[in-house]
Trainee: 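The structure is given below, and queries will be raised subsequently.
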Protein chains: 2
Amino acid sequence: MNSILRHINVIHSISSESEKALAEICKEVKFLKGKDVQAIGHTCKTIYFVKSGVVRIYYFKNATDITESFEFENAFVARAESLFTGKPSKKAIQAIEDTILIAIDSDRLFKLFDSHPDLERLFRKIIENSYVNTVSRIESLQFNTAEERYLNLLKDHSNVLKRVPLKLIASYLGITPVSLSRIRGTK
Amino acid sequence: MNSILRHINVIHSISSESEKALAEICKEVKFLKGKDVQAIGHTCKTIYFVKSGVVRIYYFKNATDITESFEFENAFVARAESLFTGKPSKKAIQAIEDTILIAIDSDRLFKLFDSHPDLERLFRKIIENSYVNTVSRIESLQFNTAEERYLNLLKDHSNVLKRVPLKLIASYLGITPVSLSRIRGTK
DNA sequence: TTAAACACTTTACATATGATAAGAAATTAC
DNA sequence: GTAATTTCTTATCATATGTAAAGTGTTTAA
């Protein structure tokens, strides 16, 4: 629990009572490299925090595997389109390395919000941050070339390049592995 | 205020006391077609609700005007990257038709959250919804062709096509006006 | 009402990215 | 440690979209 509490308190500090309540609905879970944390078709009732390792959210379009996002140590992961709508997700979460996650039960978390406004505020801010990141991702996909997107990733998140297979990065950037290889070749 | 209260109560119903508190920090403002509601470089301290009309968020990349999003009647608009970070925005909000907005002072709203948890919950849910929409927009930009994106817009938001100039829609779809015209021609 | 400005389309050509296939390199599994 | 997979690169060709320029149609404003 220490890693998550340390991360949380930078975003919004919560009372020790709230820390305790949060700890009670958390559970540590481990996944081997390549394993699905949650499968396609499953309704998301869990918010994960990455303690160690890397995960990705992915889905299939025309039988092609597409990576929607990566999350590394000290980040939250959830399939928002399912968690916030209650519908089954068309996406899966997969461990890219051997990974340790802290699983937070979302139903119990949302109930805690009634009695612990500081937790609701914390998660509001977490969502705000995710939202801001997502909007800037749209900007990048809307009018940057594939090469610009690759170079920005290299500049801002070079750890991704070091720890994630290129074929996963390609679809994250919205291009094919062949195209990514070509872009890398001309540098 | 009626339109905003009606809209809000579908998302999360709030006490009449909270309605009153919210009304106090709202102000109705009007903008003529083409006018900027908020300019580039301005730090966003306002959340708008569109009472009537249409607005867009736009910015410039290499001197090209790019529309990030449209918002019609009964929707909230804000430049999240500025509102949630406190930094000056690189984007502007513009009225596409003559538009009436309800302006909510964000500093005062965030203060209200301390005494009105139902308001915080309401706005948490509004952000969750925006987040879900934004994630699905990424999906669309990541691996749909320009034609698929156009046809999806036609299917899901045909009102956009009816009320917004095509050149604005083109950049929203991530393509040039010429390319959009070509796609429309082949149907 | 007319000129000016703006929005949209069409054409021709350039270019980035996609698709396919084959080979090289790296990783995994026995 | 070697074979079998998987990942990455390279090459070729096809195609979607970009760029530029010109023409038509529609608003806007004097």
Side-chain angles (χ1 to χ4, degrees), chain A residues 31-36 53-54 56 58 60-67 70 94-99 139-154 158 160-187, chain B residues 31-36 53-54 56 58 60-67 70 94-99 139-154 158 160-187:
Chain A
F31 291 88
L32 291 177
K33 177 176 178 173
K35 295 292 180 200
D36 268 6
V54 198
R56 66 172 184 135
Y58 73 97
F60 290 95
K61 154 148 191 175
N62 303 335
T64 304
D65 175 321
I66 296 176
T67 295
F70 302 107
Q94 182 189 44
I96 294 178
E97 300 174 353
D98 291 355
T99 295
E139 240 177 279
S140 148
L141 285 166
Q142 212 177 352
F143 267 102
N144 286 355
T145 64
E147 178 164 1
E148 287 173 317
R149 299 198 297 272
Y150 171 72
L151 293 176
N152 285 337
L153 188 69
L154 197 61
S158 60
V160 177
L161 276 297
K162 284 176 198 130
R163 292 169 62 183
V164 174
L166 289 172
K167 63 167 189 169
L168 302 186
I169 294 172
S171 70
Y172 173 79
L173 293 173
I175 54 178
T176 60
V178 174
S179 195
L180 178 56
S181 192
R182 189 159 35 197
I183 287 165
R184 286 161 53 82
T186 55
K187 289 264 62 174
Chain B
F31 291 89
L32 290 178
K33 177 176 179 174
K35 294 293 179 199
D36 268 6
V54 197
R56 66 172 184 136
Y58 72 96
F60 290 94
K61 154 149 190 176
N62 303 337
T64 304
D65 175 320
I66 296 177
T67 295
F70 302 106
Q94 182 190 44
I96 294 178
E97 299 175 352
D98 290 355
T99 295
E139 239 177 279
S140 149
L141 285 167
Q142 213 177 351
F143 267 101
N144 286 357
T145 63
E147 179 163 2
E148 286 172 317
R149 299 197 298 272
Y150 171 71
L151 292 176
N152 285 338
L153 188 70
L154 197 59
S158 61
V160 178
L161 275 297
K162 285 177 198 128
R163 292 169 62 184
V164 174
L166 289 171
K167 62 167 191 170
L168 302 185
I169 293 172
S171 69
Y172 173 79
L173 293 172
I175 55 179
T176 60
V178 174
S179 196
L180 177 56
S181 190
R182 189 158 33 200
I183 287 165
R184 286 160 54 83
T186 56
K187 289 266 64 177

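First the proteins, then the strands, lettered A, B, ... as listed; each starts at 1. Since we're looking at a predicted model, the values are computed, not measured.
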Trainee: Strictly by modelled atom types, are A:Asp36 and A:Tyr58 linked by a side-chain donor-acceptor pair under 3.5 Å?
Mentor: yes
Trainee: Rounded to the nearest 0.5 Å, what separation is found between the OH atom of B:Tyr150 and the CG atom of B:Leu161?
Mentor: 5.0 Å
Trainee: Can you give one letter per nucleotide of nucleotides 7-21 of chain D, 5' to 3': B if a protein heavy atom sits under 4.0 Å from the base, S if only from the sugar-phosphate, - if neither?
Mentor: SSBBBB----BBBB-
Trainee: For A:Ile66 and B:Glu139, what are the C-alpha separation, side-chain angles and deciding distance, and is it a side-chain contact (heavy atoms from CB on, under 4.5 Å)?
Mentor: CA-CA 9 Å; A:Ile66 296 176; B:Glu139 239 177 279; over 6 Å; no
Trainee: For A:Lys35, does the NZ atom sit with more than 12 other heavy atoms under 6.0 Å from it, leaving out its own atoms?
Mentor: no
Trainee: Quick one, B:Ile183 with B:Ile175, criterion side-chain contact (heavy atoms from CB on, under 4.5 Å). Give me CA distance, side-chain angles, the key distance, then yes/no.
Mentor: CA-CA 10 Å; B:Ile183 287 165; B:Ile175 55 179; 4.0 Å; yes
Trainee: List the residues meeting ring-ring contact (aromatic ring centres under 6.0 Å, His included) with B:Phe70, not counting sequence neighbours, and say none if there are none.
Mentor: B:Tyr172
Trainee: Run the numbers on B:Arg56 and B:Asp65 for side-chain contact (heavy atoms from CB on, under 4.5 Å), then give the verdict.
Mentor: CA-CA 12 Å; B:Arg56 66 172 184 136; B:Asp65 175 320; 2.8 Å; yes
Trainee: Evaluate side-chain contact (heavy atoms from CB on, under 4.5 Å) for B:Arg184 paired with B:Ser181, printing each intermediate quantity in order.
Mentor: CA-CA 5 Å; B:Arg184 286 160 54 83; B:Ser181 190; 5.7 Å; no
Trainee: Going 5' to 3' along DNA chain C, which nucleotides are the first and last within contact of chain A (any atom under 4.0 Å from a heavy atom)?
Mentor: C:dT17 to C:dT28
Trainee: At under 4.0 Å, does any side-chain N or O of B:Lys33 touch on OP1 or OP2 of D:dT27?
Mentor: no
